[in-house]
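What follows is a short report on a single structure.
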Amino acid sequence: MKINFDEGLCKISDLEEFDPRDIFTCGQAFRWYEEEDGSFTFVTHGIVANAKKVGDEIILKGVDEKSFEEIFYDYFDLSRDYKLVMEELAQDEVMKDATDYGKGIRILNQDKFETIISFIISANNQIPRIQKAIEKISEMYGDYLGEDENRKYYAFPSAQQLALAKPEDLREFARVGFRDKRIVEASKLIASGEVDIEKISEMDLEDARKELQTLPGVGPKVADCILLFAFDRKESFPVDVWIKRVMEELYLKEVTPKSKIASRGREVFGKNAGFANQYLFYYGRENKLGK
DNA sequence: ACCCAGGGATGTG
DNA sequence: CACATCCATGGG
C-alpha cells in the first residue's frame, strides 16, 4: 500500500482490497451517498469525505494528512491484510464465492456512539429506512458541517445532543417508530456516563457484550453489530435474518435457532467470524439467496 | 390483505 | 432456560 497527498487529494495505491462500493453498500454503514460519477460521499467523525476508485487507485477527497493519520487510517482498517483474511477464510466453496464477490470489502472502524444508535434503529427495520432515519436525526440534532450542489451535511449528534431529543419528535419526523424511547434513553445513559463507552472498549468480549446489552434496544444481535463495526471486535458474529438464511442454506442444511447459528459461526470461523459474517451477508443479500 | 425488515422487551411455561 | 406476542412503519 502506498499513500500519496497532492492537489488536496489523498491517493491510495497498491491496495487491491479496497472498493468503496463494496465497503459502503455491504450493510455495515449508513451515512453515505452514491454519486453520479460512481464515487461515494460519506460522513464520519464530523467530516465529509468522498471515495472513488479510479483504475487501481483510491482517491479520497476531504482527507488531509492530519485527518488521515488521526481518523481515516483506522476508519478504513488500513493496518489489516485483507488478502490474508480472505485466504484464511476461503477454505470451502461457499466462502470462496463470498469473498470473491465482496473482495473489496473492509470492515470500517466507525464512531462508537453513532453505531450504537444506528443499530438500535436497525431492529426489525430495513436498511433504506434506517439510512433515512439516521440522516434525519443528524439534520435535526447534529452540527452543520457544510453543503455542496447535492445536499447539506450534518454530523451525527453527540450523546449529549441526542439525550435532549423528544421521543415524539423522533417518531414524527425521523419515523423511528417504537424505537423512539430506546434512542433517547440510551443517549441519556451514555451522556451521563452511567454506561461508559471508553470502559467498554477496555473490557473483554463477553463483558463488553453484556454491558452494551444494558442499553435499551441493544440485545444479542445489535450488540454483536456494535462490537464488530465500532469496537474492533472482528470475531463477533451477528445473526440477522439474512445470515440465518445463508447459514441454514449453505452450512447447516436445516432450520436452526439464531442463538445456535451465532455459536456455530464463531466456532467455524474463529477470529475471522466477523469478516466471514460480512462477506456472507453481502453475498447473500445482493444475490437474494433463499428468496 | 398480508408479509416482511441487519430484533428487543416483556410475559409465560 | 425456551418460546410467544407485541411493538411502528412503509414497501412488496
Side-chain angles (χ1 to χ4, degrees), chain A residues 22-32 98 101-102 105 107-108 110 114-137 165-189 195 209-231 233-234 236-250 255-266 269 273-291:
Chain A
D22 293 338
I23 290 171
F24 289 111
T25 69
C26 75
Q28 61 178 325
F30 303 107
R31 299 210 64 200
W32 50 268
Y101 181 78
I105 288 179
I107 295 193
L108 299 169
Q110 303 187 62
E114 175 178 340
T115 303
I116 289 169
I117 300 301
S118 296
F119 280 92
I120 287 175
I121 295 170
S122 79
N124 200 26
N125 209 340
Q126 295 179 153
I127 290 178
R129 297 191 54 233
I130 299 165
Q131 288 180 313
K132 282 180 193 167
I134 294 170
E135 180 169 22
K136 192 67 186 176
I137 287 172
K166 290 186 192 169
E168 52 268 37
D169 290 340
L170 288 172
R171 186 178 289 221
E172 182 176 354
F173 301 111
R175 313 305 292 168
V176 298
F178 60 83
R179 310 159 191 89
D180 56 352
K181 294 188 189 67
R182 299 174 179 180
I183 294 167
V184 177
E185 289 310 309
S187 298
K188 284 181 178 171
L189 286 168
V195 173
R209 178 183 282 118
K210 250 190 227 170
E211 185 65 13
L212 283 170
Q213 290 190 54
T214 66
L215 293 168
V218 180
K221 188 270 179 184
V222 169
D224 282 338
C225 283
I226 295 167
L227 288 164
L228 177 58
F229 298 135
F231 285 81
R233 306 302 169 97
K234 304 295 197 281
S236 302
F237 196 81
V239 180
D240 71 321
V241 292
W242 284 104
I243 289 296
K244 185 173 189 299
R245 272 200 281 267
V246 173
M247 288 294 287
E248 285 170 347
E249 187 170 327
L250 302 180
V255 177
T256 311
K258 288 174 73 174
S259 58
K260 284 200 174 177
I261 295 179
S263 55
R264 185 62 188 278
R266 287 192 291 271
F269 304 115
F275 302 105
N277 188 286
Q278 202 53 43
Y279 290 120
L280 289 173
F281 179 82
Y282 188 48
Y283 179 66
R285 199 170 79 98
E286 296 288 317
N287 293 296
K288 298 188 184 342
L289 227 68
K291 288 205 80 173

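Keep in mind that this is a model prediction, so the values were computed, not measured. Every chain is numbered from 1, with letters handed out A, B, ... down the list of sequences. Basis for what follows: all heavy atoms, side chains included, without hydrogens, waters or symmetry-related copies.
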When you look at A:Thr256 and A:Met247, which way does the side chain to side chain contact (heavy atoms under 4.5 Å, CB included) test go after all the steps?
CA-CA 9 Å; A:Thr256 311; A:Met247 288 294 287; over 6 Å; no
Suppose we screen for salt bridge (Lys or Arg N to Asp or Glu O under 4.0 Å). Which residues come up paired with A:Lys258, at least two apart in sequence or across chains?
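Once residues adjacent in sequence are excluded, A:Lys258 has no partner under the salt bridge (Lys or Arg N to Asp or Glu O under 4.0 Å) criterion.
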Whole Å only: how far is the CG atom of A:Leu108 from the C1' atom of B:dG6?
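A:Leu108 atom CG is separated from B:dG6 atom C1' by 16 Å.
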Write down the distance between CZ (A:Arg182) and P (B:dG7), rounded to a whole number of angstrom.
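Value for this atom pair: 12 Å.
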Tell me which residues in residues 217-224 of chain A lie within less than 4.0 Å of DNA chain C, going by non-hydrogen atoms.
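By residue number: none to list.
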Side-chain N or O of A:Arg245 versus OP1/OP2 of B:dA5: is the shortest distance under 4.0 Å?
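A:Arg245 to B:dA5 OP1/OP2: side-chain N or O found under 4.0 Å.
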Taking 4.0 Å as the cut-off, does a side-chain nitrogen or oxygen of A:Arg171 come that near to OP1 or OP2 on C:dA8?
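So the side chain of A:Arg171 is within the cut-off, an N or O lying under 4.0 Å from OP1 or OP2 of C:dA8.
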Closest-nucleotide 5' rank along DNA chain B - winner of A:Pro216 and A:Val239:
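Nearer the 5' end of the strand: A:Val239.
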Show me the protein contacts with nucleotides 3-6 of chain C, counting only N or O atoms at under 3.5 Å.
none

Give me the distance, rounded to whole Å, that separates [N] from [M] when you measure between the [atom1] atoms they each carry.
N	M	atom1	answer
C:dA8	B:dG11	P	15 Å
B:dC2	C:dC6	P	15 Å
B:dG6	C:dA2	P	26 Å
C:dG10	B:dG8	P	22 Å
B:dC3	C:dT5	P	13 Å

Check: B:dG8 base within 3.5 Å donor-acceptor of A:Gln213 side chain
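No.
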A:Asp240/A:Phe281 under side chain to side chain contact (heavy atoms under 4.5 Å, CB included): CA gap, chis, key distance, verdict:
CA-CA 9 Å; A:Asp240 71 321; A:Phe281 179 82; 3.1 Å; yes
Nearest heavy-atom neighbours spanning A:Gly217 and A:Ile120:
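So the two residues come closest at O-CG1, 3.9 Å.
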What pairs with A:Tyr101 under ring pair (Phe, Tyr, Trp, His ring centres under 6.0 Å), at least two apart in sequence or on another chain?
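With sequence neighbours excluded, A:Tyr101 shows a ring pair (Phe, Tyr, Trp, His ring centres under 6.0 Å) to A:Tyr282, A:Tyr283, given in chain and number order.
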Could you pull out all residues at least two apart from A:Phe119 that satisfy ring pair (Phe, Tyr, Trp, His ring centres under 6.0 Å)?
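Ring pair (Phe, Tyr, Trp, His ring centres under 6.0 Å) list for A:Phe119, sorted by chain: A:Phe30, A:Phe229.
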Taking C-beta and beyond as the side chain, do A:Gln131 and A:Arg31 meet within less than 4.5 Å on heavy atoms?
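The answer is no; the side chains never approach within 4.5 Å.
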Per-pair stack call A:Phe281 and B:dG6, 5.5 Å, 30°:
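Ring-base stacking flag set for A:Phe281 and B:dG6.
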Filtered N/O pairs between nucleotides 10-12 of chain C and protein, under 3.5 Å:
residue : atom : partner  : partner atom : Å
C:dG10  : OP1  : A:Arg175 : NE           : 2.9
C:dG10  : OP1  : A:Arg175 : NH2          : 3.3

At under 4.0 Å between heavy atoms, what does A:Leu215 touch on the DNA or RNA strands: base, sugar-phosphate, or nothing?
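A:Leu215: backbone/sugar contact only, no base atoms under 4.0 Å.
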